[in-house]
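Single-structure report; data block below.
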Amino acid sequence: MKYTQLGRTGLKVSRLVLGTMNFGPQTDEADSHAIMDAALDAGINYFDTANVYGWGENKGRTEEIIGNWFAKGGERRDKVVLATKVYGNMAADGDAWPNHDKLSALNIRRAVDASLKRLRTDYIDVYQFHHIDRRTPFEEIWQAVDVLVQQGKILYVGSSNFPGYKIAQANEIAARRGGTIGLVSEQCLYNLAERRAEMEVIPAAQEYGLGVIPWSPLQGGLLGGVIKKEVEGGRRASGRAADSLANTAIRAQVQSYEDLLDKHGIEPGEAALAWLLTRPGVTGPIVGPRTAAQLDSALRAVELELSDELLTCLDEIFPGPGPSPEAFAW
């Protein structure tokens, strides 16, 4: 496994991030534990989760599965850089009581303690804001964070799904307050087929020293060889991939992508991950394996070297927006 610093921090993290969103809803506890053991054995030390994972009446279940895994011992907790998130409504019926969601100081304090209990640990390495809160000022958010850092409950803070201007606003206010390191990472939707983050989010992250953690690196399976799977195995696409393939232009684009990688003898999903690892500012993509075999495929991507010729061809199939601000300024 290869490692890098998380943004401007001294924290060393693996170039792949283990996403745990499937633990509970799609992968049972025993298999989830086996995947986490395999990830750790392979050198993946950065695990990502969120308080709402488990969904519906099972919100918090994923954190509980991770906590039970930590409780097995074997230095599991000490070896893991643990990231979780706050923002979502944790009510099972979806009807939150006032102050039981978003980023008020009260909810942040309450949510941290609840996550720590489920995770069976006394600290969270990277505590992430799952979304922007348009009603809570960053002065209040940073005050709450400062207290939690002083208490030793969290070490670093990151964002998720933030626009570039909110990354700037958050860190400028942190700098004015003094003593607050500010955001150190941004978790955003970014992949070959969805490159809008290159317009503002990634430039802002680079300017302020945030590590970029792309989620959905395969665009919901669209970049994982979905057409080939349909033809050879009769496995029809679902969700975001199915919606995209309904567009004939996108289907042709994905077909060109799969044909190109078939010519080079490279698995599409592995190429999509390897491409992200070449992108400026990217710390590592989040991989969310449902099985051990999917984890093995992701691990191969770390060692995959994409030639300049292949990278150029990928850009031709999935062109990005271009440099910022030139891409939209003229």
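Predicted, not measured: the structure shown is a model, and the values here were computed from it.
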State whether the number of non-hydrogen atoms from other residues, nucleotides or ligands found under 6.0 Å of Gln255 atom CD is greater than 12.
-> yes
Side-chain contact, heavy-atom cut-off 4.5 Å: Val13 with Thr283?
-> yes
The remaining residues in the hydrophobic cluster of Met199, counting side-chain heavy-atom contacts under 4.5 Å among Ile, Leu, Val, Met, Phe, Trp and Tyr, are Phe328
Taken in chain and number order and not counting sequence neighbours, the residues that satisfy ring pair (Phe, Tyr, Trp, His ring centres under 6.0 Å) with Phe70 are none
Looking only at heavy atoms, what is the nearest atom pair of Ala301 and Leu277, with distance?
-> O-CD1, 4.1 Å
Heavy-atom side-chain contact between Leu11 and Tyr156 under 4.5 Å | yes
salt_bridge(Glu57, Lys59) N-O dist < 4.0 Å = no
Salt bridge check: are Glu29 and Arg61 linked by an N-O gap of less than 4.0 Å?
-> yes
Shortest non-hydrogen pair, Asn191 vs Ser216, comes out as ND2-O, 2.8 Å
So which pairs with a foot in residues 159-181 pass ring-ring contact (aromatic ring centres under 6.0 Å, His included), sequence neighbours left out?
-> none
With the threshold set at 4.0 Å, does a side-chain nitrogen-carboxylate oxygen contact exist between Arg118 and Glu64?
-> no
Show me, pair by pair, the donor-acceptor contacts under 3.5 angstrom made by side chains of residues 200-214, not counting sequence neighbours?
unit_1	atom_1	unit_2	atom_2	d
Tyr208	OH	Glu172	OE2	2.7

Taking it one step at a time, do Asp28 and Arg290 satisfy salt bridge (charged side-chain N to carboxylate O under 4.0 Å, His left out)?
-> CA-CA 9 Å; Asp28 66 24; Arg290 294 187 298 274; over 6 Å; no
Looking only at heavy atoms, what is the nearest atom pair of Val86 and Ala111, with distance?
-> CG2-CB, 3.5 Å
Where Gly54 and Thr62 come nearest, the two heavy atoms and their spacing = N-OG1, 3.4 Å
Any ring-ring contact (aromatic ring centres under 6.0 Å, His included) pairs touching residues 251-295, not counting sequence neighbours?
-> Tyr190-Trp275, Tyr257-Phe318
Under 3.5 Å: donor-acceptor pair, side chain of Thr9, backbone of Leu6 | yes
Keeping to residues at least two apart or across chains, list the ring-ring contact (aromatic ring centres under 6.0 Å, His included) pairs with something in residues 35-63.
-> Phe47-Trp69, Tyr53-Trp55
Can Asp37 and Arg76 be counted as an ion pair, charged N to O under 4.0 angstrom?
-> yes
Pairing of Arg77 and Asp125 as salt bridge, 4.0 angstrom limit | yes
Start with the C-alpha gap between Asn68 and Arg120, add the side-chain angles, then the distance that decides, and say whether side chain to side chain contact (heavy atoms under 4.5 Å, CB included) holds.
-> CA-CA 7 Å; Asn68 293 340; Arg120 300 176 72 169; 2.9 Å; yes
Check the surroundings of atom NZ in Lys2: do more than 12 heavy atoms from other residues, nucleotides or ligands lie under 6.0 Å from it?
-> yes
Exercise: identify the closest heavy-atom pair between Leu295 and Ala38 | CD2-CB, 3.7 Å
